[in-house]
2 protein chains.
Amino acid sequence: MDEETGRRGAPTISEVADAAGVSRATVSRAFTRPGMLSPGTVARVREVAGRIGYVPNQVARALSTGRHGNIALIVPDVANPFFPPLIRGAQARADLAGYCLFLGSSDEAPEREETLVAKFAGQVEGLILVSSRLPEERIRAFAERRPIVVINRDVSGLPRVLIDTARGIAAAVDYLADLGHRRITYVTGPAASWSNQQRRHAVRRAARRRGIEMIALPAHRASFEAGREAVPEILATGATAAIAFDDVTAQGVLVGLAERRIPVPERFSVIGCDDVLGATTFPPLTTVSARCDEAGEMALDLLEDQLAGRGLRDIRCVLDTRLVVRGSAGPAPAA
Amino acid sequence: MDEETGRRGAPTISEVADAAGVSRATVSRAFTRPGMLSPGTVARVREVAGRIGYVPNQVARALSTGRHGNIALIVPDVANPFFPPLIRGAQARADLAGYCLFLGSSDEAPEREETLVAKFAGQVEGLILVSSRLPEERIRAFAERRPIVVINRDVSGLPRVLIDTARGIAAAVDYLADLGHRRITYVTGPAASWSNQQRRHAVRRAARRRGIEMIALPAHRASFEAGREAVPEILATGATAAIAFDDVTAQGVLVGLAERRIPVPERFSVIGCDDVLGATTFPPLTTVSARCDEAGEMALDLLEDQLAGRGLRDIRCVLDTRLVVRGSAGPAPAA
DNA sequence: CTGTTAGCGCATTCAC
DNA sequence: GTGAATGCGCTAACAG
């Protein structure tokens, strides 16, 4: 008994073996492959184990088998509403497959992400990196040690799931064009983000196709505030609608507009991206749905394939998107 | 070389020892207690290790030392904005102390939480349970095995950090009373939640003290929608202000009000709780600050004390709160 | 079906 | 300052 904590060392497999009058191997099998034992023995061993309070030591088991039954999922920021649905999707699948999901949040800092990955790498079967801020070479280096699946980052040679917002954004631009908007703005996200570049290009392409004007506005800081602060600039361009990098940014635009008493969508239209806010804004945000939950599920499936030895190394899953029409975009105001 | 994956087994301490022409013990010491070795040896060993790509096996190390260097933090729902700041606080402290933080999200399901705790228990030094939905006896049982700190749950005998919203809520009620409100509503949160009960009582007490009327409205479902759907009922009571269980619920109330074109705070006042939304609503939410980040930091400090053998078992840290005045509450409208 | 033997990779006594 | 032996708790052959 540990005098300091009042906690005693956990009972080991040997103690159970002695108490039950069997060998340690039998105890082990009673927990890992009950089918190999006679039902009676299994019951007896388990009964004794339960009474003593024996719980198999995961760490020892992992050392012996090389299998830990854990998967790590690392996101840039748990506070960003984009990730929870994705996390939930991955977790659901992990449960099904009998894995325990470890979550890590890097706070958008590459160094923190590096530390996390390194720490996790030793204790999990494989990892999923979401919107990683790591240099590609680092990701590849880690992938050398452990199976890695990336989400929202197009690293060739690794299994990856990409959310292709191009289609959804094209639909958004079409929608605005059909509503009579001739000049729109795109409110930028993190410059280093793969998603941001992809979305920017998509808006530009679609606008060109429809023959309407598109102006990209740099975001000076992250998400919400970026959107809010961009409002004066947006207005200065003379545009009648804005597509934002993500929903949080769009929410910022919404608030900035509200502060200026500019009614949405009557005088200005706003469209977000990701559909993570649901209808929690006013007016409810029209947005491009990203199906983040499916991304999480798919990543876990890919990882599972990887772990099972089946599954290609260089697979690229692309998730489609579509426009979700709610109430934040309407006809262009008469000039 | 594993033909299936193209990944080879990680180099072990022995390979480094051979390559460097020293014993395994020396390699081990080069990483764990460099002070015991001559500087030259340390440098040489590390150089060789780096070249070979040797990384100490955490699992083996943990089995040998009984120390894993991990701490688990389990929250009911990563999607709830209440938790990210708390997580961040804990993570910052964990970094400082050299621990790696494992996150778990139970989706508000006690069974999931149970599974998570059980899985984690074997791989961490200790755990932090935030707003746990587990029966007290289960928490106690786990605490028998591993040091546990709880947040927002008053489990006697365990180190716990509680956010005492009473003071902040009293201030909120005072604020409303001073503004001339005579009848207010409290929009309830999860019935099973310790925080909810505490907050409800606090509102009631303060209202009684100030001689104003308080009506509690049950939330039919979770957070945002609960708030939005409660609006008709709120209005039906004839109240002129509402205090919501948390900011997300308050945001729902705000949207419900906006949908009915009821201007806030001119015609109705809303106050939230937790201060997790910042100024991202319109109008910016007046709320009771909960200092969630400090709760996370404090919990980790307590756990550290626990692990170091110092620190009491039955310690109860109470964090104070205060009213943050922004723009969602104003003078009671003239009747 | 069950017991025996031999590691998994590392940290840690002891000797030297 | 460094090496040789021992064990952490468990699983996985191999016998019987």
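Just so it is clear, the structure is predicted and the values come from calculations on it, not from any experiment.
Minimum heavy-atom separation, A:D314 to A:S156: OD1-C, 4.1 Å. In this structure, B:G53 and B:P11 approach most closely via the heavy-atom pair O-CG, 3.3 Å. Scanning both residues, B:C292 and B:V276, for their nearest heavy atoms gives SG-CG1, 4.1 Å. In this structure, A:I148 and A:A143 approach most closely via the heavy-atom pair CD1-N, 3.6 Å.
Among residues two or more places apart in sequence or in another chain, the side-chain contact (heavy atoms from CB on, under 4.5 Å) test is passed with A:R316 by A:D154, A:R160, A:L162, A:V318. Partners of B:P76 according to the side-chain contact (heavy atoms from CB on, under 4.5 Å) rule, which considers only residues two or more places apart in sequence or in another chain, are B:F83, B:S106, B:E108, B:S131, B:R133. In terms of the side-chain contact (heavy atoms from CB on, under 4.5 Å) criterion, residue partners of B:P159 (sequence neighbours excluded) are, by chain and number, B:V149, B:L302, B:Q306, B:I315. Under the side chain to side chain donor-acceptor pair (under 3.5 Å) criterion, A:D107 pairs with B:R88, sequence neighbours left out.
A:F82 has its side chain out of reach of A:P84: every pair of non-hydrogen atoms, C-beta onward, lies at least 4.5 Å apart.
Scanning DNA chain D 5' to 3' for nucleotides with an atom closer than 4.0 angstrom to a non-hydrogen atom of chain A gives a first and last hit of D:dG9 to D:dA13. In 5' to 3' order, the nucleotides of DNA chain C bounding all contacts with chain A (an atom under 4.0 Å from a heavy atom) are C:dC1 to C:dG9.
Using five terminal pairs a side, the axes of the helix from C:dC1-D:dG16 to C:dC16-D:dG1 at its two ends make an angle of 30°, given in steps of 10 degrees.
With salt bridges taken as basic N to acidic carboxylate O contacts below 4.0 Å, none links A:E144 and A:R140.
For the segment residues 41-50 of chain B, the set of residues with a heavy atom within less than 4.0 Å of an atom of DNA chain D comprises B:T41, in numerical order. Within residues 25-32 of chain A, the residues approaching DNA chain C are A:A25, A:T26, A:R29, by heavy-atom distance under 4.0 Å. If you check residues 61-71 of chain B against DNA chain C, the residues with a heavy atom closer than 4.0 Å are B:R61, B:S64, B:T65, listed by number.
Of the possible polar contacts, none joining the A:R61 side chain to the A:G66 backbone as a donor-acceptor pair under 3.5 Å is found.
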Using the side chain to side chain contact (heavy atoms under 4.5 Å, CB included) rule, take A:I87 and A:L73 through it: C-alpha gap first, then chi angles, then the decisive distance, then the call. CA-CA 8 Å; A:I87 293 171; A:L73 178 75; 3.7 Å; yes
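Distance check, rounded to the nearest 0.5 Å: CD of B:Q58 to OG1 of B:T65 gives 9.5 Å. Separating the CG atom in A:L134 from the CZ atom in A:R112 is a distance of 12.5 Å, to the nearest 0.5 Å.
In the model, A:E113 has a side-chain atom that pairs as donor or acceptor with a side-chain atom of A:S132 under 3.5 Å.
Both B:S38 and A:R24 lie near DNA chain D, and the one whose nearest nucleotide falls closer to the 5' end is B:S38.
Using a 4.0 Å heavy-atom distance criterion, B:V59 is classed as making no nucleic acid contact.
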Cut-off 3.5 Å, no hydrogens considered: what does the side-chain donor-acceptor table look like for residues 114-129 of chain A, sequence neighbours left out?
residue, atom, partner, partner atom, Å
A:E114, OE1, A:R138, NE, 3.2
A:E114, OE2, A:R138, NE, 3.2
A:E114, OE2, A:R138, NH2, 2.6
A:T115, OG1, A:E111, O, 2.8
A:Q123, OE1, B:N70, ND2, 2.8
A:Q123, NE2, A:K119, O, 3.3
A:E125, OE2, A:H68, N, 2.4
A:E125, OE2, A:H68, ND1, 2.6
A:E125, OE2, A:G69, N, 3.1

Donor-acceptor contacts, no H, no angles, side chain residues 27-34 of chain B, under 3.5 Å, sequence neighbours left out:
residue, atom, partner, partner atom, Å
B:T32, OG1, B:S28, O, 3.0

